[in-house]
Amino acid sequence: MSPAVAPVPVPADATPTPPWTHHFKDYARFLIRSLIRATDGGWLFYGWMTLLTAIALVGANAWAVQVRDGMGVTALSDHVSWGLYIANFTFFVGVAAGAVMMVIPAYLYHDESMHDVVIVGELLAVAAISVCLFFVTVDLGRPDRFWHLLPGLGRFNFPFSMLTWDVIVLWGYLLINLHISGYLLYTRFLGLRPNPRWYVPFVFLSIVWAISIHTVTAFLYCGLGGRPFWNTALLAPRFLTSAFVSGPAFIILALQVIRRVSSFHVGDGPIRTLVNVMRITILINLLMVASEVFTEFYAGGSHTASARYLYFGLHGHNALVPWIWTSVAFTTIAAILLLRPRITEHLVLLDIACVLAFIGLWIEKGMGLIVPGFVPSTLHELVEYLPNRTEWMISAGIWAFGLMIYTLALKIALPIFTGEFTLQSSPPATRPVTGQDTAASR
Amino acid sequence: MDNPTTPSPAPANIPASAGVGRRTALKAVGATLGAAAFAKALAPLTEWAPNISVSEFLQKHYKQLGREELAAILARLEAETLERYGAEVHISDVPPQDDVQFAYALNLSICIGCRKCAEACHKENNHDRPSQQSYIRVLEMQKGSLDLEKGNAHYDHPVPQKDKFYMPVQCHQCDRPPCVSVCPVEATWKEKDGIVVVDYNWCIGCRYCEAACPYHARRFNWTTPSIPKEEVTPVQAYLSNRIRPQGVMEKCTFCLHRTRNGRLPACLEACPTGARVFGNLLDPDSEIRWVLENKRVFVLKEDVGTRPRFYYFFDE
Ligand code: SF4
Ligand code: SF4
């Protein structure tokens, strides 16, 4: 780009350079080597990434068509104006917030075994928030006007709009987690001890912030007086509880995959702690669902029409009934499985429980929460909604993209934590070491 | 298919050192293919982007526009309407007047549910023809009950039916409008004469306001509206009936391009029964004042606290 770069002489090793130049060079080296590492792997890795890329491509294409032809290519309508995208958005905010269930034991209770693997949760938060931001973006009718949402450039309806708040807290959470994991990885890469001053305050901030992202997301819905299904004070606590089920469920599965495919040591301690968290939160979640269902059905009246529609169908319309009962069944089975005292020794059962809980809550916090808010409409029209092909393709594309982010991030982070990948270590063997590289790293 | 997509070159992170391994070369090929595939996948965007001019992309919020800027925008919008719809239209900016507070009232005893108002709205406001969009929804209600759950907006039989009454619903121009408070970018606001408007060139299409409105008064442009050239209503205003772009929110504006110029809303003029009453609340001799003072009026869903400016009443 700038012609001035070329003539600048590369300082010889002998000339003393100010420390910040070192940092700059080290950091560049960190990024480049990370990129190389992130794209190196065995056939399993390449196969997995190719699969994800293919799915992401299908999603990207479907999104481009949606932008060109309008949101009319989805199954959404003026009656049900939010659907699968916002459902996914809501759920993944929960997954991001749920990652804090590793941070709390590690930093508040000084659980050493958790401390070693907490990075797995922090990176999950980064990937999940990216997924959320993608889902909001594909839901916009005018993505070209995204800049209207940027502070300073656009017009921010602050503090009245909960969506404005949500944008702030989501970006904030993303930045905090990027900072924490980026700082830890970089210092370890250099072979230094991370200085607590530079990250521990942010860790505590991230704990509070995790709660805030899901609370604000709940306020998005429960603040709407015209939608009785959402207009309940229990919504935010319910969001948090289910987040503390789905987040740990995903992490337990991820930790087991990591155990198999990498040399990163994952002890039983962290898994046991997460199972203990889930045991409680999944029961509290079921209790809250039950209490909400009781309130809706015992009193009756027309403001309970959405709940009736969701659970039993209304006037012959029952598109969501199979979804919600699947969710109820899955979460109940998962809760029972988790109650087994020695579940952590039966990994297959544990995995089944985690998968069931994850899917069950994806339905409950997604389709089972967003869609019934619109059915019946505020004028009591019954227009149903089920996502169509376009929406599934775009959503799958975003999931694939999120998994790509997570895979690559772990691919860089884990070897740093095992000490395989540092500034001192030579770059992957497949890449020949150039003279300059080794000279500079001394 | 044959879009001019330039596959971006392979990322520069692949070091081209002397001993490039086979794997590095493969990676470069993979990255190039990947980038090309993504460019291809996103190709539909290149057909969409030319529809958005640079000046539209950079356009400021309505309230931040100076006189000349606004004039230029109106001219651009007129030219675009001519180019895309073949229709010659005049788009103006009609500001609210002082000492005017608009309100609407509707006599449920004489409304016969003929949907003439909805049809007039459809035409006046240049709504999308295929979807038969309109800002007005007429509910057929069971006599003896105001329960919306017993209403039906999709009736398809001769009207009026003996045991029914009819309740048209449109934007209530609430004094505490939830749609305005939820909008993240202030694309919708309440004007000083009480009308709630949308800047169609600022709205990002998040549809939060549509979720927030308790009266189902907002409509989204799911596609680019299609209207035959000869059916386009040529007298248009920036904040009301100009043809809306794809992907933005729209709503009833009490026909501000008419009412702020001393005319009546199109729905009122179309009503064959005289069920509709519109006017300035601050004018003591207006018919709307007479109705509010002499009839027992009510508003819909008073309990949600929106304070509508749209009143219903029955003849005793
Ligand atoms: S009726 Fe709906 S759209 Fe109209 S002002 Fe009230 S909340 Fe907004
Ligand atoms: S759809 Fe447009 S007007 Fe409505 S809340 Fe979103 S940005 Fe505001």
Side-chain angles (χ1 to χ4, degrees), chain A residues 32 35-36 39-40 46 53 56-58 60-61 63-65 67-72 74 76-79 81-82 136 139-146 148-149 154-157 160-164 167 220-221 223-227 302 305 373-374 376-381 430-432 434, chain B residues 13 15 17-19 21 23-24 27 31 34 37-38 40-45 47-48 52 57 61 137 139 147-149 151 153-154 169 178 181-187 202-208 210-216 218-224 245-248 301 304-306:
Chain A
I32 291 174
L35 247 165
I36 293 168
T39 51
D40 250 327
Y46 282 127
T53 311
L57 278 171
V58 171
N61 181 252
W63 176 71
V65 170
V67 171
R68 182 190 65 194
D69 298 345
M71 302 285 290
T74 65
L76 296 166
S77 64
D78 278 323
H79 292 86
S81 48
W82 280 344
V136 184
D139 191 65
L140 292 184
R142 295 304 295 238
D144 54 315
R145 298 187 185 161
F146 194 79
H148 295 182
L149 269 172
R155 260 176 99 96
F156 235 32
N157 187 3
F160 295 107
S161 172
M162 280 301 127
L163 198 52
T164 314
V167 168
L220 213 63
Y221 309 107
L224 303 182
R227 305 262 173 205
S302 61
F374 294 96
S377 78
T378 46
L379 295 183
H380 283 272
E381 284 174 74
T430 47
R431 203 181 134 258
T434 62
Chain B
N13 59 69
S17 51
R23 183 175 283 236
T24 314
K27 269 204 239 171
F38 261 100
K40 195 81 198 154
L42 293 175
L45 292 181
E47 294 158 30
W48 163 77
I52 299 161
F57 178 73
H61 189 276
R137 210 171 250 122
L139 299 181
D147 189 349
L148 291 172
E149 207 177 353
H154 304 282
V169 183
S181 24
V182 300
C183 177
V185 293
E186 296 180 0
W202 189 260
C203 167
I204 58 173
C206 67
R207 306 189 296 291
Y208 197 7
E210 194 166 29
C213 170
Y215 306 101
H216 201 175
R218 292 189 163 240
R219 308 281 184 275
F220 187 67
N221 285 280
W222 299 96
T223 54
T224 306
Q246 170 178 300
V248 306
K301 303 197 187 183
V304 290
T306 47

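Just so it is clear: chains get the letters A, B, ... in the order the sequence lines come, proteins before strands, and each one is counted from 1.
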Residue pair [X] / [Y], side-chain heavy-atom distance below 4.5 Å:
X        : Y         : result
Val67(A) : Pro44(B)  : no
Ser81(A) : Phe220(B) : no
Asp40(A) : Lys27(B)  : yes
Leu57(A) : Phe38(B)  : yes
Asp69(A) : Trp48(B)  : no

Which of parallel (below 30°), tilted (30 to 60°) and perpendicular (above 60°) describes His79(A) and His154(B)? tilted
Interface residue of largest heavy-atom contact number with chain B, from [options], under 4.5 Å:
options                                 : answer
Asp144(A), Thr164(A), Val65(A)          : Asp144(A)
Met162(A), Arg142(A), Met71(A)          : Arg142(A)
Ser77(A), Ala56(A), Gly154(A)           : Ser77(A)
Val136(A), Asp78(A), Thr53(A), Asn61(A) : Asp78(A)
Gly226(A), Ser377(A), Gly70(A)          : Gly70(A)

Sequence-distant partners of His380(A), ring-ring contact (aromatic ring centres under 6.0 Å, His included), two or more places apart: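 Scan of His380(A) (ring-ring contact (aromatic ring centres under 6.0 Å, His included), adjacent residues dropped) gives none.
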For the OG1 atom of Thr378(A) and the CG atom of Leu148(B), what is their distance to the nearest 0.5 Å? 8.5 Å
Roughly how far apart are His216(B) NE2 and Glu381(A) CD, rounded to 0.5 Å? 6.5 Å
When [options] are compared by non-hydrogen pairs under 4.5 Å with chain A, the top option:
options                                    : value
Glu186(B), Glu210(B), Arg207(B), Glu149(B) : Arg207(B)
Ala153(B), Gly205(B), Pro245(B), Gly305(B) : Gly205(B)
Ser181(B), Pro214(B), Pro184(B)            : Pro184(B)
Gly151(B), Gly34(B), Cys203(B), Cys213(B)  : Cys203(B)

Tell me, for [X] versus chain A, whether the close heavy atoms (under 4.5 Å) come from the side chain, the backbone, both or neither.
X         : value
Val304(B) : side chain
Asn221(B) : neither
Val185(B) : both
Ile204(B) : both

Output yes when a side-chain donor or acceptor of Trp82(A) lies under 3.5 Å from a complementary backbone atom of Cys206(B), and no otherwise.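 Yes; at least one donor-acceptor contact below 3.5 Å.
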More than 12 non-hydrogen atoms from neighbouring residues, nucleotides or ligands closer than 6.0 Å to CZ on Phe160(A), yes or no?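 No, because the 6.0 Å sphere around CZ of Phe160(A) holds 12 heavy atoms or fewer from other groups.
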Which portion of Leu224(A) sits near chain B, non-hydrogen atoms under 4.5 angstrom: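 Answer is side chain: those atoms of Leu224(A) sit under 4.5 Å from chain B.
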Under 4.5 Å from any heavy atom of chain B - which part of Arg227(A): side chain
Taking salt bridge (Lys or Arg N to Asp or Glu O under 4.0 Å) as the test, write out the residues that go with Arg218(B), two or more places apart.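 With neighbours one apart ignored, the set is empty.
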Heavy-atom closest contact (Thr223(B) atom, Gly72(A) atom, distance): CG2-CA, 4.2 Å
